[in-house]
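Every chain is numbered from 1 and lettered A, B, ... according to where its sequence line falls, protein lines coming before strand lines.
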2 protein chains.
Amino acid sequence: MSLNARQSTESRQSEIIATVVALAAERNPAEVTTTDIAKAMSVTQGALFRHFPTKEAIRLAVIEWVETQLMANLADAQASAPDVLSGLEAMFLAHVKFIRQFPGVPRLVFAELQQPDSSPLRQRVQQIMQRYRQMLAEALGKAKAAHLIRDDVDVQAAAVLFLGAIQGLVMQSMLGGVSPDAEEPVLGVLRLYLASLGGKS
Amino acid sequence: MSLNARQSTESRQSEIIATVVALAAERNPAEVTTTDIAKAMSVTQGALFRHFPTKEAIRLAVIEWVETQLMANLADAQASAPDVLSGLEAMFLAHVKFIRQFPGVPRLVFAELQQPDSSPLRQRVQQIMQRYRQMLAEALGKAKAAHLIRDDVDVQAAAVLFLGAIQGLVMQSMLGGVSPDAEEPVLGVLRLYLASLGGKS
DNA sequence: TACTTGTAAGTAACTTATTACATACAAGTA
DNA sequence: TACTTGTATGTAATAAGTTACTTACAAGTA
């Protein structure tokens, strides 16, 4: 493959998505222009519109890539855990690992969440997060039924706190206070979260 | 005062800040233009530049207003609590109340956090959040010394989880899953957070 | 040949900021 | 009081730059 070979639309779409994710790691995703994306790909700006009809379509494809990747990671983590509570723990760590691997992802999600309610993109992100929360609530319910956590745990609140705990870690690393690869804060927060559930460690 | 009376720069500055905060409650703050602000104030776009030199100066003034307001609320909450742990509880509720009063605030903060590292605005937000976290860590340290919480609590992690818990609630209400005025999820998450500290309720 | 992928140039719409000019208002003066 | 004058606040128009998207044309590929 020469440096500027012609590529199929399929492979260019993947390349565009990967480029947006990569750019979002360092810049404000809302300020990433089609020219920026094209330059990073060594292609002219107009070429992008051979593979996506609009910029919004690009952003939608990016969000759907994020969903697919994250959900696959979470499912793997849950599946390879011995019990539901260990599954929650594994999902927590898998989520953090995923974000560490693609630091642009939380920025992209935040950017879409800033859109007005009517935006189809925002609704998509909304749907993803609601499903995630529901999955957590179900897992927490099972853990409660199996007496792995306190039987008076509010599973809805515990699902919100799970996502909040990850968010707090994301914010902390976005603020640059600590190296994003530091493990201690992650384990510290996870331990604290598990303590809130009253699980027997 | 007639409908379109002339105003002092001082009062116009306050009006501009209030307008930006109000607009941010419904739109993406990054997409709020000087024309939007001016329209909402029934003034021409150019008039804004009689009171602020640049748009960035407006955003900075908004962030500083947020800091002043939030910190005053937190200090009040902490001061009127009988002990340190109740103080943390009061700060949690005061923060949630403040956000409920000005729903645009978290969106504004997120928007500035998306800026590149070098941006003065981002650095300002960074500074505010680091101070907040440090204040929380200190309060948690005192609570630990007073045996109000477990003596093996990781105060740094507990500070991150405090902010994360609020963030989780903010996200949940931004996602519109529930009415932002609902008290139960707030209290549920707060209760869970306190449980993670092992405080005697 | 027929189709897909690419380029270079162009366009309409929009954004921040500036400019020339107008007007309210406070202070000083006849 | 009545009049002048200087300054702060406002408007309308527009400059200068950026953005997403289009179009005319070229070239690779089946």
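Here dT19(D) presents its P atom at 13 Å from CG of Asn28(A), a figure rounded to the nearest Å. In this structure, the CD atom of Glu31(A) is 12 Å from the P atom of dT16(C), given to the nearest Å. Atom C1' of nucleotide dT23(C) and atom CD of Gln7(B) are separated by 16 Å, given to the nearest angstrom. As rounded to whole Å, 12 Å separates atom C1' of dA15(D) from atom CD of Gln45(B). If you measure from atom CZ of Phe49(B) to atom C1' of dA16(D), you get 14 Å, rounded to the nearest angstrom. Summarising the geometry, the separation between CE on Met41(A) and C1' on dT5(C) is reported as 12 Å, rounded to the nearest angstrom. Distance CZ (Arg27(B)) to P (dT15(C)): 10 Å, rounded to an integer number of Å. Leu48(A) has its CG atom 19 Å from the P atom of dT4(C), to the nearest Å.
OP1 or OP2 of dT11(D) has not a single side-chain nitrogen or oxygen of Arg50(B) nearer than 4.0 Å. Contact annotation: Thr34(A) side-chain N/O to dA20(D) OP1/OP2 distance is under 4.0 Å. Residue Arg12(A) has a polar side-chain atom (N or O) positioned under 4.0 Å from OP1 or OP2 of dG6(C). Listed pair His51(A) / dT4(C) fails the phosphate criterion, with no side-chain N or O lying under 4.0 Å from OP1 or OP2. A sub-4.0 Å separation between OP1 or OP2 of dT4(C) and a side-chain N or O of Ser8(A) is absent.
Every residue meeting the side-chain contact (heavy atoms from CB on, under 4.5 Å) condition with Gln127(B), not counting sequence neighbours, appears here in chain and number order: Arg124(B), Arg131(B).
For Gln156(A) (side chain) and Ala137(A) (main-chain N/O), no donor-acceptor pair under 3.5 Å exists by modelled atom type. Between the side chain of Arg122(A) and the backbone N or O of Glu112(A) there is no donor-acceptor pair closer than 3.5 Å. Within the 3.5 Å criterion, the main-chain N or O of Val21(B) finds no donor-acceptor partner in the side chain of Arg107(B). One N or O on the side chain of Gln126(B) and one on the backbone of Leu175(A) form a donor-acceptor pair closer than 3.5 Å.
Checking dT16(C), dT5(C), dT11(D) against the side-chain heavy atoms of Thr44(B) singles out dT11(D) as nearest.
Using cut-offs of 30° and 60° for the angle between ring planes, the Phe92(A) and Tyr193(A) rings count as parallel.
Non-hydrogen atoms lying under 4.0 Å from DNA chain C are contributed by Thr54(B), Lys55(B), all within residues 52-61 of chain B.
In this structure, His95(B) has its ring center under 6.0 Å from that of Tyr132(B).
Between the base of dT23(C) and the side chain of Arg6(B) there is a donor-acceptor pair shorter than 3.5 Å.
Note: Ile166(B) CD1 to Met171(B) CE = 14.5 Å, rounded to the nearest 0.5 Å. Note: Leu194(B) CG to Ile149(B) CD1 = 10.0 Å, rounded to the nearest 0.5 Å.
Secondary-structure stems of DNA chain C, taken as three or more successive Watson-Crick or G-U wobble pairs (i with j, i+1 with j-1) under a 3.5 Å distance threshold, comprise C:1-30 with D:1-30.
Side-chain atoms of Gln45(A) and Thr35(A) form no donor-acceptor pair, as typed in the model, at a separation below 3.5 Å.
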